[in-house]
Amino acid sequence: MQGLFDRYGRQHTYLRVSITDRCNFRCTYCMPADGIECQPKENLLSFEEIESLVRFFVRHGIRKVRLTGGEPTVRRNYLELVERLTQIEGLPEVAITTNGSLLALDAERLHRMGVTGINVSLDTLDATRFEKITRRDKFSLVWNGIQEALRVGLRLKVNCVVVPGVNDDEILDFVELARSQPLTVRFIEFMPFLDNSWNISGVVSSSEIREKIGDIYPLFSVKSDPGQVASTYQIPGFRGDIEFVSSVTESFCGDCNRLRLTADGLVKSCLFLPTEISLRDLVRGGAGEAELLSAVQNCLDGKWKEHPPMTKWTQLDQLTMVQIGG
Ligand code: SAM
Ligand code: SF4
């Protein structure tokens, strides 16, 4: 069988590539306010190394790449990397997850390069609250970025991590965004990572959110593509749709098709599985196709059928979201 398969017969066609562990925001659910140690530049994969690894993965069946981080747009000249990747033959989808701080400036170029989707994190529609959550006074910048992305015609998802007492009173306001705009609002359950003070009581479950929305709007489930982590819903008359990412309460490991590459070149088969396999070291040591493939296969062979229950997560991989790559 050709392609990247794990022991459970799942083919991996989606690669999430973190291109930096740095960020210009400090979202409370993601990073501590300070004290984060970033990797020295020489530890990071260069653009040449990323491109060459992506080409390798595409030869082995990867069909979608998402750039993430940290904040991918803070990596110097990131547009150059995006351009390189969008030109790779056999890779129909190149997407980016961003905090939106550079979107007002870059949306048009990203669209012209052929970027197929942008996910923007936005957890509140209130500027004061935004500053509390992100520890940065940048609401207008992000909001303008979202408007610009829509104006140029980028496919857009708004990622909203719902935390009780922080933004759970804004759920319906977020739903309203999808009424007149062709965007997807995605409600994400709060997940545990190193130093983010996670507690099960800090999780607003997707079913609670669905119920709250369902009390006001007729929500209809629509079929999602295999490998999708989100369940998708529509509301009649709305231009956009609503999605739920229930990482904590509803496992979606069943048809997982994802691999991850950290900014320093580790390959990961699951957000919550530690890894020792450095593709960066292999590439820098002159490894050929077979050696790389065997390393990736090795990583895939260690992939579990599904991640353990959330109460055990904090003991698994003591890394922050930005060190792993969100
Ligand atoms: N900086 C970019 C951004 O904010 O979109 C990309 C990286 S960020 C780590 C990727 C996604 O992870 C964002 O949508 C963010 O909201 C989400 N995220 C971060 N920490 C999380 C947590 N503890 N639980 C759930 N989602 C989280
Ligand atoms: Fe930065 Fe994104 Fe994490 Fe916020 S969620 S701190 S923007 S990496």
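As the structure lists them, so they are numbered: ligands from 1, and atoms in each ligand from 1. Computed over heavy atoms, backbone and side chain alike; hydrogens, waters and symmetry mates excluded.
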I need the atoms of ligand 2 closer than 4.0 Å to a non-hydrogen atom of Gly70, numbered in the order shown. 8 (S)
Can you see whether Ser246 engages Ser206 through a side-chain donor-acceptor pair at a distance of less than 3.5 angstrom? yes
Under a 3.5 Å cutoff, is there a donor and acceptor pairing between the side chains of Tyr14 and Arg66? yes
I'd like to know if atom 1 (Fe) of ligand 2 has an N/O/S atom from Cys23 within less than 2.8 Å of it, counting both backbone and side-chain atoms. yes
Determine, for Glu148 against Arg109, whether the closest basic-nitrogen to carboxylate-oxygen distance falls under 4.0 angstrom. no
Report yes or no: does Ser121 have a heavy atom closer than 4.0 Å to ligand 2? no
Could you check whether any side-chain N or O of Arg151 sits under 3.5 Å from a backbone N or O of Ile146, counting only pairs where one atom can act as donor and the other as acceptor? no
Going by distance only, is there an N or O of Met191 that falls short of 3.5 Å from an N or O of ligand 1? yes
Is the side chain of Glu189 donor-acceptor paired with the backbone N or O of Thr249 at a distance under 3.5 Å, no angle test? yes
At a 4.0 Å cut-off, with the gap strictly under it, does some heavy atom of Gly69 reach an atom of ligand 1? yes
Taking it one step at a time, do Glu51 and Arg55 satisfy salt bridge (Lys or Arg N to Asp or Glu O under 4.0 Å)? CA-CA 6 Å; Glu51 182 187 348; Arg55 286 184 184 276; 3.1 Å; yes
Show which atoms of ligand 1 fall inside a sub-4.0 Å distance from at least one heavy-atom site of Asn159. 14 (O)
Arg186 side-chain N/O to Phe244 backbone N/O, donor-acceptor pair under 3.5 Å: no
Given that the side chain starts at C-beta and the backbone is N, CA, C, O, which of these parts of Thr97 lies under 4.0 Å from ligand 1, counting heavy atoms, or is it both or neither? both
Find all atoms of ligand 1 within a distance of less than 4.0 Å from any non-hydrogen atom belonging to Gly70, and give their numbers and elements. 1 (N), 2 (C), 6 (C), 7 (C)
From the candidates Ser101, Ser121, Gly100, the one that places a heavy atom nearest atom 4 (O) of ligand 1: Ser121
Under a 4.0 angstrom heavy-atom cut-off, which atoms of ligand 1 come close to Thr98? 2 (C), 3 (C), 5 (O)
For the residue pair His60 and Phe56, categorise the inter-ring angle as parallel (less than 30°), tilted (30 to 60°) or perpendicular (more than 60°). tilted
At less than 2.8 Å, would any N/O/S atom of Cys27, backbone or side chain, sit next to atom 3 (Fe) of ligand 2? no
Is ligand 1 under 4.0 Å from a heavy atom in the side chain of Asp123, in the backbone, in both, or in neither? neither
Residues Glu243, Lys157: salt bridge by 4.0 Å N-O rule: yes
Suppose I only count heavy atoms of Thr68 and a 4.0 Å limit; which atoms of ligand 1 are within that range? 6 (C), 7 (C)
If the cut-off is 4.0 Å to any non-hydrogen atom of Glu189, which atoms of ligand 1 fall inside it? 24 (N), 25 (C)
The atoms of ligand 1 lying under 4.0 Å from a heavy atom of Ile188, numbered in the order shown, are 25 (C), 26 (N)
Taking atom types as modelled, is there a side-chain donor on Glu71 or Thr98 under 3.5 Å from an acceptor on the other? yes
